[in-house]
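The structure appears below as structure tokens.
We number each residue from 1, following the sequence as shown.
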Amino acid sequence: MRRTRARAALAAGIAAAVASAAAAQQPALTLVPTPPHSLPIEQAVLLAGRPFPTVHTTALRLPEPRRTFFVAARGEAGDGTEARPWNDLQAALARLTPGDRLRVRAGSYPRTASIVEGCADGSERQPIQVVFDGKAELEPAEGSPALVLARAHWIIVGPYAKLGGSGAPGILLRGHGAHDVRLLGARVSDGMAPGIRVEPEAARVTIRGAYISKTKLEKMGPSSYGIEIAAGTREVDVTDSHLSNNPSGSIRVRAPEGSQRPARDVQIRGNTIRDDGATAIAVDAADGLTIADNTLSDRTGVDGTRGVALERVERAFVRTNQITGFGAGVAVGHADPDGGRVLAARDVWLERNHLEGSAGGAAF
């Protein structure tokens, strides 16, 4: 590793501060209306009987829609108005055009919601919006994702994917068709595969305010991550999200295979990650990476955990994170102690991080 600047400050009070915040009995996230361009979505998410650390109430602002339609889980087929909503979510998605907003009412939706061929692209000025009621639940068939998105300029707000023991990703952002999209306030519970997966060639993807936990998962899989970002993606942002108890780790950026290029310009900011019993943020390879203002903690007691692990990365910035309770707070590069592969990291800056390892562990 060349030109690496490590500035790691040890802060003894971090563990107590994190524990105190976690103990506060406050809603994890409340999104409130700020007329005329926002919608009320009130959610309090408890994981393993404990709330996430308190966050400030924020306002979700959406573009003013050209038209607003409604869909319900049950009832007679209507015309999409509030009084007579549609009763088929998939058919409703296919009817939307740029500037439209679809309100998804409370209830259980058992089929995969597929925003793929047959659905329109939005535009930069007129994105297509799908806003889920806080009690709307996507419960796909075993082995199927809850939501697939492969179209441009869509905004998806508040989907709740209940995956059980499914081996499919909960929310799948698929390929080059998924660009300029925003996934806001998504909730994903359980599932043996990633809660959210961003596939190769997806670009300009924002994942904000997600809640992903596998607390009730009875059997983990090799990719039981919270969020997985594939190689070949560009400009993927994961911000202000809360992830916990994901047994393979909360965020994973994959290494390229074959002719793929590494993920480029990935930003991981302002997230709270706790108690995975694994590496919280693992980056196998990336070109252009920012990990900043995150709070990472692990109280599982599992040996060998790492807060942030960077392997084949270039141009990486790790700044102002609070990392406590891991076997190693930050690990950069990789060398096999038995004389195997060495993975070099280049141009890595570590600045103003607060690191506290577990007993016998290392900060850096």
Item checked: CG-CG distance between N271 and D240, expressed to the nearest 0.5 angstrom -> 7.0 Å
Notebook entry, point to check: Taking side chain as C-beta onward, heavy atoms only, is D180 less than 4.5 Å from E124?
Noted result: no
Item checked: Presence of salt bridge, R111 and D88, under 4.0 angstrom -> yes
Margin query: Under a 4.0 Å threshold between the charged nitrogen and the carboxylate oxygen, would D100 count as salt-bridged to R67?
Written below: yes
Notebook entry, point to check: Between CG of D121 and OG1 of T97, what distance do you get to the nearest 0.5 Å?
Noted result: 12.0 Å
Check: If every non-hydrogen atom of V302 is compared with every non-hydrogen atom of G277, which pair is closest and at what distance?
Finding: CG1-O, 3.6 Å
Notebook entry, point to check: Of the options R101, R103, R182, which is the one that meets Q129 in a side chain to side chain donor-acceptor pair (under 3.5 Å)?
Noted result: R101
Check: Are the side chain of T305 and the backbone N or O of G327 linked by a donor-acceptor pair below 3.5 Å?
Finding: yes
Note to self: I need the minimum non-hydrogen distance between S250 and D276, along with the two atoms involved.
What the structure shows: OG-OD2, 2.7 Å
Margin query: Ring-plane angle category for F317 and W349, please: parallel below 30°, perpendicular beyond 60°, tilted otherwise.
Written below: parallel
Next item on the list: State, with a plain yes or no, whether a side-chain heavy atom of V332 is found less than 4.5 Å away from one of V318.
Entry: no
Next item on the list: Might you point out which heavy atoms bring A230 and P200 nearest each other, and give the distance in Å?
Entry: CB-CD, 3.5 Å
Margin query: Please determine whether salt bridge (Lys or Arg N to Asp or Glu O under 4.0 Å) holds for the pair D275 and R299, giving the CA-CA distance in whole Å, both sets of side-chain angles, and the decisive distance to 0.1 Å.
Written below: CA-CA 6 Å; D275 297 340; R299 293 173 292 176; 3.5 Å; yes
Notebook entry, point to check: So do V236 and L173 actually touch side chain to side chain, heavy atoms under 4.5 Å?
Noted result: no
Next item on the list: Look at the side chain of S241 and the backbone N and O of R208, then say whether any donor-acceptor pair between them is shorter than 3.5 Å.
Entry: no
Next item on the list: Would you sort out whether T300 and N245 count as a side-chain contact (heavy atoms from CB on, under 4.5 Å), showing the intermediate values?
Entry: CA-CA 9 Å; T300 64; N245 299 101; 5.7 Å; no
Notebook entry, point to check: Do P194 and V188 have side-chain heavy atoms sitting under 4.5 Å apart?
Noted result: no
Margin query: Salt bridge check, R252 against D284: does any charged N sit closer than 4.0 Å to a carboxylate O?
Written below: yes
Check: Given the rule that I, L, V, M, F, W and Y join up when any side-chain heavy atoms are under 4.5 Å apart, are L147 and L93 in one cluster?
Finding: yes
Item checked: Close side-chain approach of Q267 to T239, heavy-atom, < 4.5 Å -> no
Margin query: For N321 versus A292, what's the shortest heavy-atom pair and its separation?
Written below: OD1-C, 3.3 Å
Notebook entry, point to check: Short question: side chain of K214, backbone of A193 - any donor-acceptor pair under 3.5 Å?
Noted result: yes
Margin query: So I207 and V198, do their side chains get closer than 4.5 Å, heavy atoms only?
Written below: yes
Item checked: Euclidean distance, Y211 OH relative to H242 NE2, rounded to 0.5 Å -> 4.0 Å
Checklist line | side-chain contact (heavy atoms from CB on, under 4.5 Å) assessment of L217 paired with M192 | finding: CA-CA 7 Å; L217 187 64; M192 292 193 295; 3.9 Å; yes
Item checked: Minimum-distance pair of heavy atoms, taken over all atoms of A363 and L355 -> O-CD1, 3.5 Å
Notebook entry, point to check: Is D265 paired with R315 through a side-chain N to carboxylate O contact shorter than 4.0 Å?
Noted result: yes
Notebook entry, point to check: What about F70 and L89, same hydrophobic cluster or not, with Ile/Leu/Val/Met/Phe/Trp/Tyr joined at side-chain heavy-atom distances under 4.5 Å?
Noted result: no
Margin query: Could you see if I281 belongs to whatever hydrophobic cluster contains Y225? Use Ile, Leu, Val, Met, Phe, Trp, Tyr and a side-chain cutoff under 4.5 Å.
Written below: no
Next item on the list: Kindly determine whether V205 and I229 satisfy side-chain contact (heavy atoms from CB on, under 4.5 Å), including the steps that lead there.
Entry: CA-CA 10 Å; V205 173; I229 301 170; over 6 Å; no
Check: Just by modelled atom types, is the S123 backbone N or O under 3.5 Å from a matching donor or acceptor in the Q126 side chain?
Finding: no
Margin query: For the CG atom of L296 and the CD1 atom of I323, what is their distance to the nearest 0.5 Å?
Written below: 5.0 Å
Check: CG of L243 to CG of N294: how many Å apart, nearest 0.5 Å?
Finding: 10.0 Å
Check: Crowded around D79 CG? As in, over 12 foreign heavy atoms under 6.0 Å?
Finding: yes
Check: If you round to the nearest 0.5 Å, how far is CD of E228 from CD1 of I196?
Finding: 12.0 Å
Next item on the list: List the atom of A120, the atom of W154, and the distance in Å for their closest heavy-atom pair.
Entry: O-NE1, 2.9 Å
Next item on the list: For residues V308 and F326, determine if any side-chain heavy atom of one lies less than 4.5 Å from a side-chain heavy atom of the other.
Entry: no
Notebook entry, point to check: Any side-chain heavy-atom pair from L102 and F69 closer than 4.5 angstrom?
Noted result: yes
Checklist line | Transitive ILVMFWY side-chain link V253 to V348, under 4.5 Å | finding: yes
Next item on the list: Mind running side-chain contact (heavy atoms from CB on, under 4.5 Å) on E314 and D347 for me, showing each step along the way?
Entry: CA-CA 6 Å; E314 296 189 31; D347 298 332; 5.5 Å; no
Next item on the list: Is it possible for you to check whether R187 lies under 6.0 Å from the centre of the six-membered ring of Y160, through NZ or CZ, and within 45° of that ring's axis?
Entry: yes
Check: Donor-acceptor pair, R151 side chain versus C119 backbone, under 3.5 Å?
Finding: yes
Check: Are any side-chain N or O atoms of T112 and backbone N or O atoms of S114, one a donor and one an acceptor, separated by less than 3.5 Å?
Finding: no
Notebook entry, point to check: Donor-acceptor pair, K216 side chain versus G164 backbone, under 3.5 Å?
Noted result: no
Checklist line | Salt bridge present between R105 and D133 (N-O < 4.0 angstrom) | finding: no
Notebook entry, point to check: Given the rule that I, L, V, M, F, W and Y join up when any side-chain heavy atoms are under 4.5 Å apart, are V181 and L172 in one cluster?
Noted result: no
